[in-house]
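Residue numbers start at 1 and run along the sequence shown.
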Amino acid sequence: MNVALVSNSRDLDELVVVGFGTQKKGSLTGAQGSVSAKEIENTPILNAQQGLQGRVAGVQVTQASGTPGGGISINIRGTSSISGSNQPLYVIDGIPISTGSYTQVAAGGQLTNSLGDINPSDIESMEILKDAAATAIYGSRAANGVVLINTKRGLNQVTKIGVNVYSGFQEVAKTLPTLTGPEYIQLMNDAVNARLGGTANYSSTAIGGGVRSANPSDYPTTNWQDLIFENAAITNYELTARGGSEKTKFAVSTSFFDQKGVVIASGYKRFSGRLNLDNQATDKLKLSLSTSFSSSVNNRLNNDNNIYGTVSGAFLLGSHVPAYNANGTYGRDPISSVDNPLAGALENTFKFYSNRLLASGSAEYKFTPELTFKSTASVDYFTAKDRTFLSTLTNAGAGSGGSATEGQNQDVNYIFDNTLNYAKVFGGEHSINLLAGFSYQESNSESILAAATGFPGNDIRRLSAGSVRTTASSAGSSNALESYFARANYSYKGKYIFQASGRLDGSSRFGSEKRYGFFPAVSGAWRISEESFLKSVSAISDLKIRASYGIVGNQEIGNFTSLPLVGGGSNYLQNAGLAPTQLGNVNLTWENTAALDLGLDLGLFKNRLTLSMDVYQKKTTDLLLGKPLVASSGFTTIQSNLGKTENKGLEISLTGIIIDKKDFSWTSNFNISLNKNKITELSGNPFAAGFASWVEAGQSLGAFRGYRVVGIFQNAAEIAAAPTQAVTANPLTSTAPGDIRFADLNSDGVINSLDQEIIGKGLPTYQGGFTNNLNIKTLIYLFSCNTRVAIKFTLIQDLLEKA
C-alpha cells in the first residue's frame, strides 16, 4: 500500500496567536492580519517592522530616514491622537515591550529604532490586531492596534542545525544633476547683477569675499554626491539549532548583522542570541523559557533636516567649493554656514550603542483537561548610550573649540501575568472558551546627559578633556499598570461564533479621579459556508461575515502628566531653589476610541483564492491636549481631555495560490486600504503642531497650511500692482523681480497669515501592497566530461540514493 500525504490548502483549522492565547483561524471574529516566517525568511530585512511593509491591509510603514538602524513608524488604520502616541503596542512572546527612540542627541531629527534589536530570522509569525474585538484585551494601550510577534520554538524532532548566510550591496538609486563650479559662479554673478542693477559680481565683491578669483572659469567642479555616496555592503550570518523530544524542546539561534550605509562613515551592526525552551515536567505541568539578548552599535551622521548634515550639505553647498584645499584642509565657502559634507562625515562622531535583554519564564498547570492556569514573569531590560564629538575641522564644532556629548539611558520593565483558561466542547455542537486574568506591569527609567566644549585637539574626545562643562543633567521616571481582564468565546457547530471581552486598567499616569477605566468589546461571526444550502457549492470553501464593536484606550502621554509638579535647580542669582513647573489635573484620563468593524472572508477553490474585506469606523474622544491659560497665571497650558477625531475606511486583501507544484510554487497577495481622517471637534483655536502641520476642526491630522503661489514677479509694473506682502517672514517681504507672488485670498490688499489656507495633508488617502513569492526547487547537477566532449547530467540526489 502506497500512502501519500498532500498539503491541504484549507488552513482554517490552523491555530493563530491572539491576545493571551490561540484560536482557530476559521473561528476569528475580529480583524486580524498575519505574516508568517515563510513570507519574510528570504527577505534581507533589518527589523520586524520592515517585514510588515506592504503585506497587511491597513498597515502603513514609514521610515523618515534611510540611515541604517533609523526609526520606523507604523500606523494601523490611520492616526487618532494629536499629542499622544499613534504607534501600536508590540508584544514579543507575551512581553509588552518598550519602543521608540532612546537617543538623547539631536542629529537633524534622526531617530533610532529600539525594535531593531530583534532578529527577524527568529520570528515565527506576526499577528496584527486591528479592530476592538481583537485588541480590547489589551485595554488602555490598544487604541493604535497591537502587533504580536512570536518567535520560533523547539519541535519534537531530531536536532536540526541550520546555517544562513547572505551578502549583498546597496546603492543610491538616483542622484540629482547639478551645475558645474563655473556655471554656479556665473549664475550667482547674474543674480547679483540683476538684483543690484550694476556690474558687480558675486565672485569678486564683498558679497563673496575670500574667494580666489573673479573669473568663473577658474573654479573647480565638485560633485558632492559622488563623494559621499558609495556602494554599501550588507551581510548577515546566522547559526540555529531546533529539536527536542516529547518532554523537552528547544530552539537556539545566534546571528551577526552588518549593514553599511550608502553614505560614507555610516552603518549599523547587531549581535543577537536567543534560547527558547519548553519542558513537560509532568503530565500536568509545563515549564517554558524565552530569552534573547542583543547588542548593537549605530554609526550615525549629523543628517536629515540639518544644514550641517552630510546629505543635506551635498545639495546645499555649491559645486564651486573644492573638497580639499591645496594644503590638504577641507574646502569651505566663506560666506556659507553649510558644512563640508566630507568633513561632517569623516571628522565628527555620532555613535549610538544599545543592549537589550528580553526574558520570560512561565509555568502552566492543567488541573483538568479543560482547566489550565498559567503564570508568567517577564523582564524587558534596555540600555542605550550616546557618544558624539563635533570636530574643530567642521563648521559645527569650530566655534566652540570642539564639542562632545555623552548620554546614557536605562529602561526596565517588569511584567507579571496570571491567566485561568477553561475550554470545553459539549455534545459535539457547543464549544466554549473562557479566559480570566490579572496583569501587573511596572516601568522604571533613568537617564544622564553631560556635555563639554573647548578641547585641546580632536584626538582626545572624552568629556574629561573639555575645558568647559556646558551640560550636566539626570532624570528618572516610572509608571505602573494594574489590569484585570476576561474573555468568553462561544461557537455553535462552528457556524455561529460569538466573543465578548473586557479589561479593567488602572494606570499611574492618570488623575486620581480617573485612575481606572473599563474597555469592553463584543463580536460575532456567521460561517455561511457551513450551512447546508452552501455545502453543495464546491467552489466556495469558506464564507464568513464578521461584526465587532468595542472601546479601547491610549495612555501613551508620558508619566506624571496629571500631577502638579515642582522643579528644582538654579533659579535666582545661582541660588538653589524650587518653582512650580506644571499644574495638576485630577480628572485627566486616557483617550477613548470606539471602533466598529464589518468584515467578509471568502475562500474559493479549496482556498486557492481568498478574499478578505473590512469596513471600519473609529471615533476617538477625550484627546489629550494642553488647554490654553492666561499667561499671567504663571502657566500657559494645563493638560486636559479635549477634542475628537475620526477614522473610517475600507480594506481589501486578495491572496491566490497560482501554482502549487512539487518543484515550483507561486503565491500572490494584493492588498489595498482607504482611510479618511478628520478632526471632528477641537476646543480652542486652531494651532500649528510641528513643522508645517496645522490642527483645525474639519481638517485631517497632519494638514499643511500655507500661502497659495500664483506666479513670479517679472517686472516693476507687476510689483506696483500687487498687494503689499507685509509679513515679517523673508519670502513674503521681498517683492523684487524673480520673487514669489502669493494670492490675496481675502482681498484686503495685504498678504499676511489671514491669506493662508489648507494646501495638503501628510496622511495618504489610500495605500497598498503587491507581493509575489516564487519557490523553485533547486536542481544541483554533477557535470562529467569525456574525450568526445559529451556532457552527462546526473542529479546528486540520485547518486546519494544509489550510494
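- Between D122 and S292 there is no side-chain heavy-atom pair separated by less than 4.5 Å.
- Two residues are said to be in side-chain contact when any heavy atoms from C-beta on lie closer than 4.5 Å; L371 and L420 meet this criterion.
- For the pair D93/S360, no side-chain contact is recorded, criterion being any heavy-atom separation below 4.5 Å from C-beta on.
- Rounding to the nearest 0.5 Å gives a distance of 11.0 Å between NZ of K284 and OG1 of T372.
- No donor-acceptor pair closer than 3.5 Å links the side chain of R487 to the backbone N or O of G502.
- Of the options F519, F485, F20, Y90, a ring pair (Phe, Tyr, Trp, His ring centres under 6.0 Å) to Y138 is made by F20 and by none of the others.
- Distance alone, capped at 3.5 Å, places no donor-acceptor pair between the D614 side chain and the E651 backbone.
- At a threshold of 4.0 Å, the pair R509-E556 counts as salt-bridged, since one of the basic side-chain nitrogens sits closer than that to a carboxylate oxygen.
- Using modelled atom types and a 3.5 Å distance limit, the side chains of N86 and N75 yield no donor-acceptor pair.
- No donor-acceptor distance shorter than 3.5 angstrom exists from the side chain of S653 to the backbone of N671, with no hydrogens or angles considered.
- Under the side chain to side chain donor-acceptor pair (under 3.5 Å) test applied with R77, the options T593, N677, D597 reduce to a single match, D597.
- Checking K249, K286, R153, K247 one by one against D278, the side chain to side chain donor-acceptor pair (under 3.5 Å) holds for a single residue, R153.
- At distances below 3.5 Å, not a single donor-acceptor pair connects side-chain atoms of K374 with backbone N or O atoms of N421.
- Under a 3.5 Å cut-off, the side chain of N276 and the backbone N or O of K152 do form a donor-acceptor pair.
- At a cut-off of 3.5 Å, with distance as the only test, a side-chain donor of S81 or E591 sits close to an acceptor on the other residue.
- In terms of modelled atom types and a separation under 3.5 Å, the side chain of R242 and the main chain of K160 share no donor-acceptor contact.
- Side chain of R503 to backbone of I137: a donor-acceptor contact under 3.5 angstrom is found.
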Validation: residues 430-440 side-chain donor-acceptor distances under 3.5 Å, sequence neighbours left out:
{"from": "H430", "atom 1": "ND1", "to": "Y490", "atom 2": "OH", "distance (Å)": "2.7"}
{"from": "S439", "atom 1": "OG", "to": "D417", "atom 2": "OD1", "distance (Å)": "2.5"}
{"from": "Y440", "atom 1": "OH", "to": "E442", "atom 2": "OE1", "distance (Å)": "2.9"}

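- Heavy atoms of other residues, nucleotides or ligands lying less than 6.0 angstrom from NZ of K495 number more than 12.
- Counting heavy atoms from C-beta on, the side chains of V146 and L148 come closer than 4.5 Å.
- Considering only heavy atoms from C-beta on, R55 comes within 4.5 Å of I40 through its side chain.
- Not less than 6.0 angstrom separates the ring centroid of Y422 from the ring centroid of F367.
- Salt-bridge check for D380 with R356: passed, with a basic side-chain N closer than 4.0 Å to an acidic carboxylate O.
- Proximity of a side-chain donor or acceptor of K130 to a complementary backbone N or O of A57 within less than 3.5 Å is detected.
- Residue F518 places its CZ atom among more than 12 non-hydrogen atoms of other residues, nucleotides or ligands, all under 6.0 Å distant.
- No more than 12 heavy atoms of other residues, nucleotides or ligands sit less than 6.0 Å from atom NZ of K678.
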